[in-house]
Colleague: 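Encoded as structure tokens, here's the structure I'll be asking about.
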Amino acid sequence: MSGDLIVPDAAQGMVVFVHGSGSSRHSPRNRYVAGALNEAGLGTLLFDLLTPEEEADRANVFDIALLAERLLERTAWVREQPASKGLPIGYFGASTGAAAALWAAAEPDNAIAAVVSRGGRPDLAGDRLAAVRAPTLLVVGGRDPVVVGLNEEARRRLRAESRITVVPGATHLFEEPGALEAVAGHARDWFTTYFSGPREPM
């Protein structure tokens, strides 16, 4: 499957993006956040979770286990690349992609340094939430009350360190002036904080 990998010189870590339903690696919102992370010295991978044929079946778009499996495959690939080998890895998930990110982060042998969710549906990870070990930031819009409630519910099920950050005045897609910039700033700070630990073994 297609993807876009960027690893700045002396990168502090890698962030794998997990887009939501109806989106792709070309998502302008995710690409904006990825650019901000690159400027902060973080590597990024944006990739398509499904083939065009698979996307035609809407059931696949909401198959969190399938999406997480694809994410785990790409995570293993990132760990093998010379430019990113040994770097800590984080996940940035949006919408249903946040559930896939947390599902994958719950795998016992998948060491993930941090997870950030943007307007996500972490609740769709279900019972897997309790097994997540990575510090998790849930970013939601202040004018997206249903998703705020779902994120609060999911956070109660997380046992790892977690935080909910509300962007005032933002709706689900963070299209309001300054909203996406706020998301990028929160994500950058979260990842750089938790990427500062020891590197993964080579």
Side-chain angles (χ1 to χ4, degrees), residues 7-8 11-20 29-30 33-34 36-46 64 67-68 71-72 74-76 78-79 84 86-141 144 147-167 170 174 180-201:
V7 186
Q12 303 173 47
M14 288 294 307
V15 179
V16 180
F17 280 69
V18 198
H19 61 75
R29 286 173 290 278
N30 279 352
V33 174
L37 297 182
N38 294 152
E39 291 178 3
L42 304 181
T44 55
L45 172 66
L46 291 91
I64 305 302
L67 301 181
L71 174 57
L72 289 166
R74 277 293 174 265
T75 304
V78 167
R79 289 190 168 110
S84 53
L87 291 175
I89 294 177
Y91 290 151
F92 182 94
S95 188
T96 52
L102 289 163
W103 186 294
E107 282 293 306
D109 58 350
N110 185 30
I112 297 301
V115 177
V116 175
S117 163
R118 170 183 64 81
R121 289 292 310 277
D123 55 296
L124 295 178
D127 293 341
R128 305 275 293 191
L129 289 169
V132 174
R133 303 175 306 285
T136 300
L137 175 66
L138 306 172
V139 184
V140 292
D144 194 11
V147 172
V148 170
L150 292 170
N151 275 254
E152 290 174 341
E153 172 194 332
R155 189 189 177 206
R156 286 191 288 270
R157 303 174 72 178
L158 284 166
R159 295 179 182 172
E161 180 180 352
S162 63
R163 180 190 306 166
I164 290 182
T165 295
V166 178
V167 177
F174 296 88
L180 203 54
E181 290 88 339
V183 172
H186 291 309
R188 177 200 62 222
D189 294 346
W190 193 261
F191 286 125
T192 54
T193 295
Y194 292 101
F195 283 172
S196 61
R199 292 162 66 98
E200 290 190 14

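Here, residue 1 is the first one in the sequence, and each next residue gets the next number.
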Colleague: May I ask you to decide if Ala98's main-chain N or O and Ser117's side chain share a donor-acceptor pair within less than 3.5 Å?
Modeller: no

Colleague: Work out which heavy atom in Leu87 is nearest to a heavy atom in Gly13; give both atom names and the distance.
Modeller: CB-CA, 4.1 Å

Colleague: Would you call Arg128 and Glu107 a salt bridge, using N to O less than 4.0 angstrom?
Modeller: yes

Colleague: Restricting to non-hydrogen atoms, name the atom on Ala154 and the atom on Asp123 that form the minimum distance, rounded to 0.1 Å.
Modeller: CB-N, 3.8 Å

Colleague: If every non-hydrogen atom of Val78 is compared with every non-hydrogen atom of Ser84, which pair is closest and at what distance?
Modeller: O-OG, 2.6 Å

Colleague: Can you check whether Thr165 reaches Leu138 side chain to side chain, under 4.5 Å on heavy atoms?
Modeller: no

Colleague: Ring pair (Phe, Tyr, Trp, His ring centres under 6.0 Å) with Tyr91: which residues, sequence neighbours excluded?
Modeller: none

Colleague: Looking at Arg155 and Ser162, would you say the former's side chain and the latter's main chain have a donor-acceptor pair under 3.5 Å?
Modeller: yes

Colleague: Distance-only, no hydrogens or angles: does the Trp190 side chain make a donor-acceptor pair with backbone N or O of Gly185 under 3.5 Å?
Modeller: no

Colleague: Minimum heavy-atom separation for Ala99 and Leu124, please, with both atom names.
Modeller: CB-CB, 3.6 Å

Colleague: Check Pro122 against Leu102 and note the closest heavy-atom contact, atom names and distance.
Modeller: CB-CD1, 3.4 Å

Colleague: Measuring from atom OG1 of Thr75 to atom CE of Met14, what distance do you get when rounded to the nearest 0.5 angstrom?
Modeller: 10.0 Å

Colleague: Got a sec, which pairs hit salt bridge (Lys or Arg N to Asp or Glu O under 4.0 Å) with one end in residues 95-106, sequence neighbours left out?
Modeller: none

Colleague: Would Phe17 and Val33 satisfy side-chain contact (heavy atoms from CB on, under 4.5 Å), going step by step from the backbone distance to the final call?
Modeller: CA-CA 10 Å; Phe17 280 69; Val33 174; 4.0 Å; yes

Colleague: From Arg29 CZ over to Phe174 CZ, what is the distance, rounded to the nearest 0.5 angstrom?
Modeller: 10.0 Å

Colleague: Quick test of your reading of the model: are Arg157 and Asp127 salt-bridged, counting only N-O distances below 4.0 Å?
Modeller: yes

Colleague: If you take all heavy atoms of Phe191 and Leu42, which pair is closest and at what distance?
Modeller: CB-CD1, 3.8 Å

Colleague: Backbone N or O of Ala104 within a donor-acceptor pair of the Asn110 side chain at under 3.5 Å?
Modeller: yes

Colleague: For Gly120, is there any backbone N or O sitting under 3.5 Å from a side-chain donor or acceptor partner on Asn151?
Modeller: yes

Colleague: Taking Ala34's backbone N and O only, do any of them form a donor-acceptor pair with Asn30's side chain (distance below 3.5 Å, no angle check)?
Modeller: no

Colleague: Rounded to the nearest 0.5 Å, how far does CH2 of Trp103 lie from CG of Leu72?
Modeller: 11.0 Å

Colleague: Calculate, to the nearest 0.5 Å, the distance between atoms CD1 and CD belonging to Ile164 and Glu152 respectively.
Modeller: 5.0 Å

Colleague: With a 4.5 Å limit on heavy-atom distance, are the side chains of Phe195 and Ile89 in contact?
Modeller: no

Colleague: When rounded to the nearest 0.5 angstrom, what is the spacing between CG in Leu158 and CG in Leu129?
Modeller: 5.0 Å

Colleague: Look up atom CG in Leu137 and atom CZ in Arg163, then write down how far apart they are to the nearest 0.5 Å.
Modeller: 6.5 Å

Colleague: With side-chain contact (heavy atoms from CB on, under 4.5 Å) as the criterion, how do Val140 and Val167 come out once you've worked through the C-alpha distance, each side chain's angles and the decisive distance to 0.1 Å?
Modeller: CA-CA 6 Å; Val140 292; Val167 177; over 6 Å; no

Colleague: Indicate yes or no for a side-chain donor-acceptor contact from Glu161 to the backbone of Arg133 under 3.5 Å, with no hydrogens or angles considered.
Modeller: no

Colleague: Under the 3.5 angstrom rule, does the side chain of Thr136 hit a backbone N or O of Ala134 as a donor-acceptor pair?
Modeller: yes

